[in-house]
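Remarks on the structure that follows.
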Number of protein chains: 2
Amino acid sequence: MAPESNYNEVFDASMNILEKITQHNALFSKSERKVAEVILANPQTAIHSSIATLAKMADVSEPTVNRFCRRLDTKGYPDFKLHLAQSLANGTPYVNRHVEEHDGPEEYTKKIFESTMASLEVARQSVDIPTINRVVDLLTQAQKISFFGLGASASVAHDALNKFFRFNVPVVYFEDILMQRMSCMNCTEDDVVVLISHTGRTKSLVEIAQIARGNDATVVGITSRDSPLGKECNLVLSLDVPEDTDMYMPMASRIAQLTLIDILATGFTLRRGNKFRENLKRVKDTLRGSRFDKKGE
Amino acid sequence: MAPESNYNEVFDASMNILEKITQHNALFSKSERKVAEVILANPQTAIHSSIATLAKMADVSEPTVNRFCRRLDTKGYPDFKLHLAQSLANGTPYVNRHVEEHDGPEEYTKKIFESTMASLEVARQSVDIPTINRVVDLLTQAQKISFFGLGASASVAHDALNKFFRFNVPVVYFEDILMQRMSCMNCTEDDVVVLISHTGRTKSLVEIAQIARGNDATVVGITSRDSPLGKECNLVLSLDVPEDTDMYMPMASRIAQLTLIDILATGFTLRRGNKFRENLKRVKDTLRGSRFDKKGE
DNA sequence: TGAAAAGTTGTAAATTTACTACATTTGATG
DNA sequence: CATCAAATGTAGTAAATTTACAACTTTTCA
């Protein structure tokens with residue numbers, strides 16, 4: 001009589017169910033995974049199919065499809081279709097799909113773009129705005145800013161250097177861990193050290209964090225919150241990006257880190273105000289000498 | 001900007017069904033209007049109700065509800081529910097919105113994530129698959145691979161180094177333009193030089209392209225096709241990413257470049273086959289010694 | 001006005017769809 | 001190899017949706 005009881009279900013399932021399917025993948029049984037594949041391959045078709053047709057497409061029995069739906073915390077097949085429809089409506093049918101052995105250039109290109117976008121979407125939802133604001137605060141007030149990362153995160157630090165360098169702020173970046181250590185030994189309480197690491201378990205970075213804090217610098221980690229590195233930081237900007245794929249290379253996580261750098265840099269310029277932005281333009285104009293002019297300029 | 005006419009077509013096709021109901025109102029019969037009212041009053045409930053409960057709520061018969069659905073150009077009640085569910089999901093597709101002066105952390109964070117995703121979407125559509133395939137071909141056959149970029153693109157080249165280094169292929173990366181030049185002077189026809197530049201108008205990179213080609217190396221540009229640099233390359237992987245924003249910093253273009261590197265690296269490993277991927281895993285495992293173990297491992 | 005026509009609505013039966021209970025298979029373990 | 005647990009499928013059942021048709025309204029025009 002009072003169907004109002006169903007209200008909440010719609011809301012707490014705000015998570016993209018396609019994303020949920022990929023993340024849940026390990027917990028599925030063999031047949032359930034077949035269902036998942038068929039749905040991911042063509043979600044638009046799935047929402048217009050009955051449980052029978054979908055079962056046939058996945059070459060499993062109908063109850064298997066039903067169990068699949070239940071495992072994703074939906075009430076059953078029709079409820080699952082509603083969630084799926086909502087996910088598809090959301091503009092992003094982007095899903096973190098793994099590249100397969102037999103994929104051709106078209107497939108892997110598509111998959112990588114889509115996984116990257118899906119990861120950014122996840123990152124966007126997980127990032128903590130107040131912390132960003134706090135970090136921007138610190139950066140604008142810093143006497144000196146250092147960016148350190150190793151391995152795949154080195155290029156992220158490198159990129160941060162490039163961005164913040166334009167701001168006319170003393171900014172430091174080293175690849176060499178000894179230089180990193182020495183740099184941190186000279187820190188003061190007005191300095192900010194930003195350490196980048198996806199896993200947060202790189203020993204030398206953890207040590208650097210300790211050294212920097214020992215000298216009263218503020219240490220910001222772009223890393224996982226509960227990691228050894230995260231625990232050593234004053235502030236942690238964590239990005240809950242799904243684990244990277246089969247390819248044994250950091251891909252999506254690093255893109256999310258870079259985007260975060262963009263965000264910090266943007267926050268920085270906004271905080272510094274208009275006059276400061278003119279300065280930025282000047283830096284850009286200076287580069288012109290080293291370039292071929294654009295036609296018509 | 002797309003012409004108005006196109007806009008409307010798209011709009012019509014994907015129109016919010018709730019709006020459609022209100023607009024259609026005049027064409028409904030008395031009973032159908034009762035159904036419309038009930039649905040509009042509480043759409044969240046509607047999508048979780050069966051045709052029977054909804055009919056009861058509107059105090060009409062079940063076929064009336066069904067006719068109501070058909071009148072809105074849906075296949076029937078379940079199909080109508082799907083449309084309704086999609087309308088209720090707050091679908092905001094990603095758009096490249098510029099950060100404004102007065103934006104707070106929440107706004108600029110959101111805008112940057114969304115612009116980045118929007119740019120990736122554009123990049124995905126503009127990238128030329130056959131060229132990717134061709135470049136992967138070249139890379140797998142190369143004796144030596146070099147990645148060079150300057151300024152903001154330096155970190156992209158840096159990242160490429162990090163990726164390809166794991167493949168146990170001779171790979172070269174320098175920040176210093178003199179080193180870059182010298183390296184190119186020693187090129188042979190079996191070498192591939194990848195040059196990265198968003199604008200493609202950086203003088204010294206163009207010169208490097210000329211040097212490399214002079215030594216019969218294959219030059220691949222990740223740059224704009226019609227740029228001075230593009231014209232010097234054997235192959236150009238161009239990314240039609242919308243011009244970067246007001247912030248006077250390369251942001252989205254660089255993310256697209258990095259994603260392209262991911263794609264090349266993935267193509268590379270796929271081409272090299274399974275056995276090769278084990279090698280990658282070994283590289284990853286080697287890193288373990290420099291890390292704190294994960295709990296439970 | 002009133003009778004045919006067109007349109008609206010509801011009842012009941014038919015059909016499709018989804019779900020449950022149970023049986024069979026698979027695979028792991030001692 | 002026997003045994004148990006998990007996974008999957010079969011078949012039957014319940015539920016929901018749709019169709020067909022009849023009853024009832026409203027409209028139209030002689």
Side-chain angles (χ1 to χ4, degrees), chain A residues 1-6 9-10 13 17 21 24-40 42-87, chain B residues 17 20-21 24-40 42-87:
Chain A
M1 213 70 347
E4 268 92 348
S5 55
N6 287 342
E9 288 169 27
V10 181
I17 198 135
I21 292 172
H24 238 270
N25 194 51
L27 304 176
F28 288 138
S29 71
K30 207 181 346 170
S31 308
E32 283 167 349
R33 218 163 290 150
K34 285 202 265 180
V35 178
E37 274 191 30
V38 170
I39 290 170
L40 291 174
N42 207 335
Q44 291 292 347
T45 310
I47 59 172
H48 290 108
S49 309
S50 71
I51 193 168
T53 38
L54 187 62
K56 205 171 281 177
M57 281 195 282
D59 194 32
V60 298
S61 69
E62 298 174 25
T64 300
V65 176
N66 194 272
R67 284 186 281 258
F68 168 86
C69 298
R70 295 246 163 95
R71 206 174 285 274
L72 291 159
D73 300 319
T74 62
K75 271 201 86 182
Y77 185 67
D79 188 41
F80 167 78
K81 281 211 290 190
L82 287 177
H83 283 261
L84 186 57
Q86 296 203 325
S87 301
Chain B
I17 199 137
K20 208 167 177 179
I21 292 172
H24 239 272
N25 196 50
L27 304 175
F28 288 138
S29 73
K30 209 181 345 174
S31 307
E32 283 167 349
R33 215 163 293 150
K34 283 202 268 182
V35 178
E37 271 186 37
V38 170
I39 290 170
L40 290 174
N42 207 333
Q44 290 290 347
T45 310
I47 59 171
H48 285 101
S49 308
S50 71
I51 194 167
T53 39
L54 187 61
K56 206 173 277 176
M57 281 195 280
D59 194 31
V60 297
S61 71
E62 297 172 26
T64 300
V65 176
N66 194 273
R67 283 185 284 259
F68 167 86
C69 298
R70 296 245 162 95
R71 208 174 285 273
L72 291 160
D73 300 319
T74 62
K75 273 200 86 180
Y77 184 68
D79 189 41
F80 168 79
K81 281 210 291 190
L82 287 177
H83 282 262
L84 187 57
Q86 295 202 324
S87 302

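Proteins come first, then strands; the chains are lettered A, B, ... in the order of their sequence lines, and each starts at number 1. Just so we're clear, the structure is a prediction, and the values are computed from it rather than from any experiment. The basis for the numbers below is simple: all heavy atoms, side chains too, and nothing from hydrogens, waters or symmetry mates.
- In this structure, B:Phe80 places its CZ atom 18 Å from P of D:dA16, rounding to the nearest Å.
- Here the side chain of B:Gln86 pairs a donor or acceptor atom with the backbone of A:Ala85 at under 3.5 angstrom.
- Side-chain contact check for A:Leu54 versus A:Ile39: some heavy-atom pair is nearer than 4.5 Å.
- Atoms NZ (B:Lys34) and C1' (C:dT8) sit 12 Å apart, rounded to a whole Å.
- B:Leu27 has its CG atom 14 Å from the C1' atom of C:dG7, to the nearest Å.
- Contacts of residues 59-72 of chain B with DNA chain C (heavy atom under 4.0 Å): B:Val60, B:Ser61, B:Pro63, B:Thr64, B:Arg67.
- Two residues are said to be in side-chain contact when any heavy atoms from C-beta on lie closer than 4.5 Å; A:Leu27 and A:Glu32 fail this criterion.
- In this structure the side chain of B:Asn42 never reaches within 4.5 angstrom of the side chain of B:Met57, judged on heavy atoms.
- Straight-line distance from the OH atom of B:Tyr77 to the C1' atom of D:dT19: 18 Å, rounded to whole Å.
- For the pair B:Ile17/B:Phe80, a side-chain contact is recorded, criterion being any heavy-atom separation below 4.5 Å from C-beta on.
- A straight line from CG of A:Asp79 to P of D:dA16 spans 14 Å, rounded to a whole angstrom.
- One axis for each end of the helix from C:dT1-D:dA30 to C:dG30-D:dC1, each built from five base pairs, and the angle between them comes to 10° at 10° resolution.
- Distance A:Lys56 NZ to C:dT16 P: 13 Å, rounded to the nearest Å.
- Between the side chain of B:Lys81 and the main chain of B:Ile51, no donor-acceptor pair closer than 3.5 Å is present.
- At whole-Å resolution of the value, CD1 in B:Ile51 and P in D:dA15 are 17 Å apart.
- Nearer to the 5' terminus of DNA chain D, by closest-nucleotide assignment, is the contact made by B:Lys75 (compared with the other of B:Lys30 and B:Lys75).
- For B:Ser29, a side-chain nitrogen or oxygen approaches OP1 or OP2 of C:dT9 to under 4.0 Å.
- Residues B:His83 and B:Leu72 form no side-chain contact, since every pair of their non-hydrogen atoms from C-beta on lies 4.5 Å or further apart.
- Aromatic ring pairs are classed by plane angle as parallel below 30°, tilted from 30° to 60° and perpendicular above 60°; the pair B:Phe28 and B:Phe68 is tilted.
- Checking side-chain atoms of A:Arg70 against main-chain N and O of A:Gly76 turns up no donor-acceptor pair under 3.5 Å.
- If you take CZ of A:Phe28 and C1' of D:dT8, they are 16 Å apart, rounded to a whole angstrom.
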